[in-house]
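Here the structure is laid out as structure tokens; the discussion comes afterwards.
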Amino acid sequence: MNNFINFHILISHSPSCLNRDDMNMQKDAFFGGKRRVRISSQSLKRAMRKSEYYARHLGESSIRTIHLELLREHLRKDLGERFDKALIDRTLFLLSGKPIDESEKIDADAVTPWVLGEFAWFCEQVKIGDEEGLDEKKLIKKLKEQVAAMRVNLQNGVDIALSGRMATSGMMSELGKVDGAMSIAHSITTHHVDSDIDWFTAVDDLQELGSGHLGTQEFSSGVFYRYASLNISQLQENLGSVDRSKVLEIASHLAHMLATETPNAKQRTFAAFNPADLVMVNFSDFPLSLANAFECPVKAKEGYLKPSIEAFTEYWERVSKGYGLTGPAAEFLLTGDSLPAGVAKMESLEQLKQWIRNSGEV
């Protein structure tokens with residue numbers, strides 16, 4: 001049974017600046033010897049994790065912070081009716097390895113994701129351990145024997161199960177590490193891009209002449225290739241040995257977000273809320289990116305979208321034949337172009353999501 005689900009998206013963004021670097025310029029990358037505009041995987045994952053769609057279908061996302069003093073207050077507020085303040089603080093100390101007191105600033109070693117339900121479970125275990133007279137070493141040993149039970153709590157923090165978690169101190173370094181089940185590539189344009197510069201002014205209504213501010217902003221438009229891969233068995237393990245059907249349900253929502261969510265940078269001034277033009281999903285025995293379809297940048301031919309779809313389709317046919325890919329594949333395409341042989345045609349994104357939930361069966 002195929003263990004990987006590959007998501008391939010082509011999305012044409014109108015003029016925008018969706019991801020910037022430390023110089024306030026568009027992020028970019030050289031691929032095939034040509035400059036491409038780039039959207040980092042981190043910004044895309046955050047846009048998905050903080051979206052209304054995620055909240056409706058996958059629940060509350062994790063809390064990612066380096067500020068333990070703020071996390072302390074958040075946990076006291078949300079769990080205060082179940083656990084006393086001393087137990088919450090002690091559990092946070094054991095997990096983070098940092099002394100928890102009333103200090104105004106307590107920093108962790110790195111930004112770490114936390115799940116409320118998972119933390120509550122740890123509070124319960126610490127309370128039981130205290131009642132049994134266990135020291136920290138014996139408590140960790142006991143908890144290691146309950147990893148499956150602990151992982152079930154990540155069903156309330158799916159983004160950690162997808163993206164993983166690294167910890168470098170406290171019990172979390174031994175108990176909280178999670179190997180991410182999802183890999184997301186930095187999105188790049190399928191073609192070479194020369195950016196434009198917007199010279200803008202902010203007019204002062206109380207000033208007779210001129211403006212109150214002058215500035216510039218780099219921007220561009222382009223067709224982007226987005227790619228993500230999901231390791232089915234890893235996600236099953238991360239969520240506490242759930243059924244394959246649960247993973248496929250999550251995968252269907254990933255397809256939706258990859259097709260519809262965009263980073264929020266400069267969206268109030270560019271409004272590049274463009275949905276995907278092509279969404280293809282294939283099941284395989286290994287992760288499979290089709291980015292090399294665009295290693296030679298496509299040339300404009302009635303725009304960039306049509307030749308990008310043609311290059312994608314042609315490359316998929318070569319890879320599928322060359323590597324003997326036999327896993328199910330399906331595609332939702334807004335244009336009327338024909339699909340490759342062996343790829344099921346989906347009339348809507350919703351139909352594609354249902355196809356994923358049915359284990360890739362047509």
Side-chain angles (χ1 to χ4, degrees), residues 8-54 64 111 184-228 257-279 291 293-312 334-335:
H8 313 278
I9 286 85
L10 288 177
I11 180 168
S12 179
H13 280 301
S14 51
S16 55
C17 182
L18 294 171
N19 199 201
R20 293 169 287 170
D21 61 18
D22 58 337
M23 300 298 291
N24 201 38
M25 307 293 280
Q26 283 188 307
K27 288 188 176 181
D28 60 7
F30 277 82
F31 185 53
K34 298 294 183 179
R35 179 183 184 264
R36 318 294 180 96
V37 173
R38 173 173 61 93
I39 299 174
S40 73
S41 58
Q42 297 94 322
S43 66
L44 181 55
K45 285 189 288 187
R46 179 173 172 78
M48 293 166 59
R49 189 174 73 247
K50 293 300 182 181
S51 68
E52 292 183 6
Y53 184 92
Y54 182 103
R64 294 169 184 253
V111 174
I184 295 187
H186 289 228
S187 303
I188 58 171
T189 53
T190 63
H191 50 87
H192 171 72
V193 174
D194 287 319
S195 297
D196 294 308
I197 299 293
D198 178 35
W199 185 83
F200 64 88
T201 65
V203 177
D204 190 325
D205 291 337
L206 300 181
Q207 184 173 308
E208 185 175 354
L209 294 174
S211 63
H213 174 74
L214 302 176
T216 60
Q217 178 62 61
E218 186 182 32
F219 72 97
S220 67
S221 60
V223 176
F224 288 79
Y225 172 65
R226 291 182 178 180
Y227 169 71
M257 290 185 286
L258 286 165
T260 59
E261 298 298 335
T262 57
N264 288 322
K266 290 289 183 178
Q267 285 289 57
R268 299 300 171 266
T269 54
F270 285 106
F273 298 108
N274 311 106
D277 299 277
L278 177 153
V279 184
F294 313 109
E295 196 272 341
C296 179
V298 302
K299 305 295 183 182
K301 183 174 63 175
E302 299 178 354
Y304 284 111
L305 181 57
K306 185 175 181 179
S308 295
I309 293 174
E310 291 172 352
F312 174 84
L334 281 179
T335 67

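Since the model is a prediction, treat every value here as computed from it, not as a measurement.
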Grab the two heavy atoms, one from His13 and one from Ala272, that are nearest each other, plus how far apart they are.
ND1-O, 3.5 Å
Calculate, to the nearest 0.5 Å, the distance between atoms CG and OG1 belonging to Asp198 and Thr269 respectively.
8.0 Å
4.5 Å side-chain heavy-atom contact, Lys306 and Glu310
yes
Sequence neighbours left out, what passes side chain to side chain donor-acceptor pair (under 3.5 Å) with His192? Give chain and number order.
Asp194
Classify the angle between the aromatic ring planes of Tyr225 and Phe294 as parallel (below 30°), tilted (30 to 60°) or perpendicular (above 60°).
tilted
How about NZ on Lys266, more than 12 heavy atoms from neighbouring residues, nucleotides or ligands closer than 6.0 Å, or not?
yes
Looking only at atom types and distance, does a side-chain atom of Asn19 sit under 3.5 Å from a main-chain N or O of Pro263, one as donor and one as acceptor?
no
Which pair of heavy atoms, one from Pro307 and one from Lys299, lies closest together, and at what distance?
CG-O, 3.4 Å
For Glu52, is the CD atom crowded, meaning more than 12 foreign heavy atoms sit under 6.0 Å from it?
no
Non-hydrogen side-chain atoms of Leu44 and Leu258 separated by less than 4.5 Å:
yes
Shortest non-hydrogen pair, Phe224 vs Val37, comes out as CE2-O, 3.6 Å
Rounded to the nearest 0.5 Å, the CG atom of Leu18 sits from the CG atom of Asn264 at a distance of 9.0 Å
Nearest-0.5 Å distance, OG of residue Ser187 to OH of residue Tyr227
12.5 Å
Verdict with supporting geometry, Asn274 and Thr262, side-chain contact (heavy atoms from CB on, under 4.5 Å):
CA-CA 8 Å; Asn274 311 106; Thr262 57; over 6 Å; no
Check the angle between the aromatic planes of Phe200 and His213 and answer parallel, tilted or perpendicular using the 30° and 60° thresholds.
tilted
Report the C-alpha separation of Leu214 and Trp199 in whole Å, then their side-chain angles, then the decisive distance to 0.1 Å, and conclude whether the side-chain contact (heavy atoms from CB on, under 4.5 Å) test is met.
CA-CA 7 Å; Leu214 302 176; Trp199 185 83; 3.9 Å; yes
Report yes or no: does His191 contribute a side-chain atom to a donor-acceptor pair with the main-chain N or O of Ala300 at less than 3.5 Å?
no
Where do Thr190 and Ser308 come nearest, in terms of heavy atoms and distance?
OG1-OG, 2.7 Å
Mind checking the CG-CG spacing from Leu305 to Leu334? Nearest 0.5 Å is all I need.
8.5 Å
Give a yes or no answer on whether the side chain of Arg36 reaches the backbone of Phe31 with a donor-acceptor pair at less than 3.5 Å.
yes
Between Ser211 and Thr201, do the side chains contain an N or O donor and an N or O acceptor separated by less than 3.5 Å?
no
The reported gap from CE in Met257 to CD1 in Ile9 (rounded to nearest 0.5 angstrom) is 11.5 Å
If you measure from CE on Met48 to OG1 on Thr260, what distance do you get to the nearest 0.5 Å?
8.5 Å
What side-chain donor-acceptor pairs closer than 3.5 Å can you find for residues 22-29, not counting sequence neighbours?
residue: Asn24; atom: OD1; partner: Arg20; partner atom: NH1; Å: 2.9
residue: Asn24; atom: ND2; partner: Gln217; partner atom: OE1; Å: 3.2
residue: Gln26; atom: OE1; partner: Ser195; partner atom: OG; Å: 2.9
residue: Gln26; atom: OE1; partner: Ser220; partner atom: OG; Å: 3.1
residue: Gln26; atom: NE2; partner: Ser16; partner atom: O; Å: 3.1
residue: Gln26; atom: NE2; partner: Ser220; partner atom: OG; Å: 3.1
residue: Asp28; atom: OD2; partner: Arg35; partner atom: NE; Å: 2.8

